[in-house]
Amino acid sequence: MRPRVFHRTTGAVVLLVVMLLAAVLLGAVVAGAVFLRELNQQRTLETRKRLEVSFQELFPYPQTKPANLWRDFGYTPDATKAQSLTGFTTKGWYLQNLTTLARVGDSDPTHNPPPAFSGVQGGWNGPYWQGSVDGQGRPLDAWGRSIQLRYVTSPSSGWQVFS
């Protein structure tokens, strides 16, 4: 029997196929990384917008629509009654109060039940939140995480919407 001879042309074809597969794989990895970076940037921008909108729906803000919880109910959350949120050290509230009237008192224990509508308080003008919500009616950021209202003490005391 004659031994099989590996021809140069066969070796060159195999090498070419391996190089093409490596180039395709490298291109897919780079394209995937670019896609994920772009997706992350889009979600970051969308979440920043949603956080701003949710804050404006809670408290008075001169450049926005007049309907918000502060104008409708005199919403002034009491930091001493903030609730512990599972998995977080900072206390606060989830924001179902932006989606349904029935949750306004639950989300702000200082107004349980909500005060009577009188004077500048024009009644329920909600739902204030028009974006995505989870199964419990909590507003979501662009990653699908619940937006929360939290009381912060540093660098100064005040309220912050958090995702």
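For the single chain, residues carry numbers from 1 onward in sequence order. Remember, it's a predicted structure, so these values are computed and weren't measured experimentally.
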* Are W129 and N97 close enough that some pair of their side-chain heavy atoms sits under 4.5 Å apart? -> no
* To do: Evaluate the side-chain proximity of P139 to Y94: yes if any heavy-atom separation is below 4.5 Å, no if none is.
  => no
* To do: Report the C-alpha separation of I147 and L98 in whole Å, then their side-chain angles, then the decisive distance to 0.1 Å, and conclude whether the side chain to side chain contact (heavy atoms under 4.5 Å, CB included) test is met.
  => CA-CA 11 Å; I147 297 175; L98 295 179; over 6 Å; no
* For F55, all residues meeting side-chain contact (heavy atoms from CB on, under 4.5 Å), sequence neighbours excluded -> F59, V161
* Enter the distance from Q41:CD to T44:OG1 here, rounded to the nearest 0.5 Å. => 7.5 Å
* Qualifying salt bridge (charged side-chain N to carboxylate O under 4.0 Å, His left out) pairs with a residue from residues 124-139, counting only residues at least two apart or across chains -> D134-R138
Pairs under 3.5 angstrom only: tabulate donor-acceptor contacts from the side chains of residues 45-53 to other protein residues two or more places apart or in another chain.
from, atom 1, to, atom 2, distance (Å)
E46, OE2, R50, NE, 3.0
T47, OG1, R43, O, 2.9
T47, OG1, A142, N, 3.1
R50, NH1, L140, O, 2.9
R50, NH1, D141, O, 3.0
E52, OE2, Q56, NE2, 3.1

* Asked: How does the hydrophobic cluster around L15 look, that is, which other residues are in it when side-chain heavy atoms under 4.5 Å mark a link?
  -> M19
* **Remaining members of hydrophobic cluster (4.5 Å side-chain criterion), L16** => L20
* Asked: Say you draw a straight line from CG of L21 to CG of L26; how long is it, rounded to the nearest 0.5 Å?
  -> 12.5 Å
* How would you list, by chain and number, every residue that makes a side chain to side chain donor-acceptor pair (under 3.5 Å) with T80, sequence neighbours excluded? -> D78
* Asked: Can you list the other members of the hydrophobic cluster that holds V29, where links are side-chain heavy atoms under 4.5 angstrom apart?
  -> none
* Can you tell me how far the CG atom of L85 sits from the CZ atom of R150, to the nearest 0.5 Å? -> 6.5 Å
* **Shared-cluster residues of V152, by chain and number - hydrophobic side chains joined below 4.5 Å** => none
* Taking every non-hydrogen atom, the tightest pair across G92 and A82 -> N-CB, 3.8 Å
* Starting at CD of Q83, measure out to NZ of K91 and round the result to the nearest 0.5 Å. => 9.5 Å
* Pair listing, ring pair (Phe, Tyr, Trp, His ring centres under 6.0 Å) test, anchored in residues 9-44, at least two apart -> none
* Asked: Are any side-chain N or O atoms of Q136 and backbone N or O atoms of V133, one a donor and one an acceptor, separated by less than 3.5 Å?
  -> no
* **Main-chain N/O of G137 paired to T99 side chain as donor or acceptor, under 3.5 Å** => yes
* **Passing option when W93 is tested against W159, F162, Y151 for ring pair (Phe, Tyr, Trp, His ring centres under 6.0 Å)** => W159
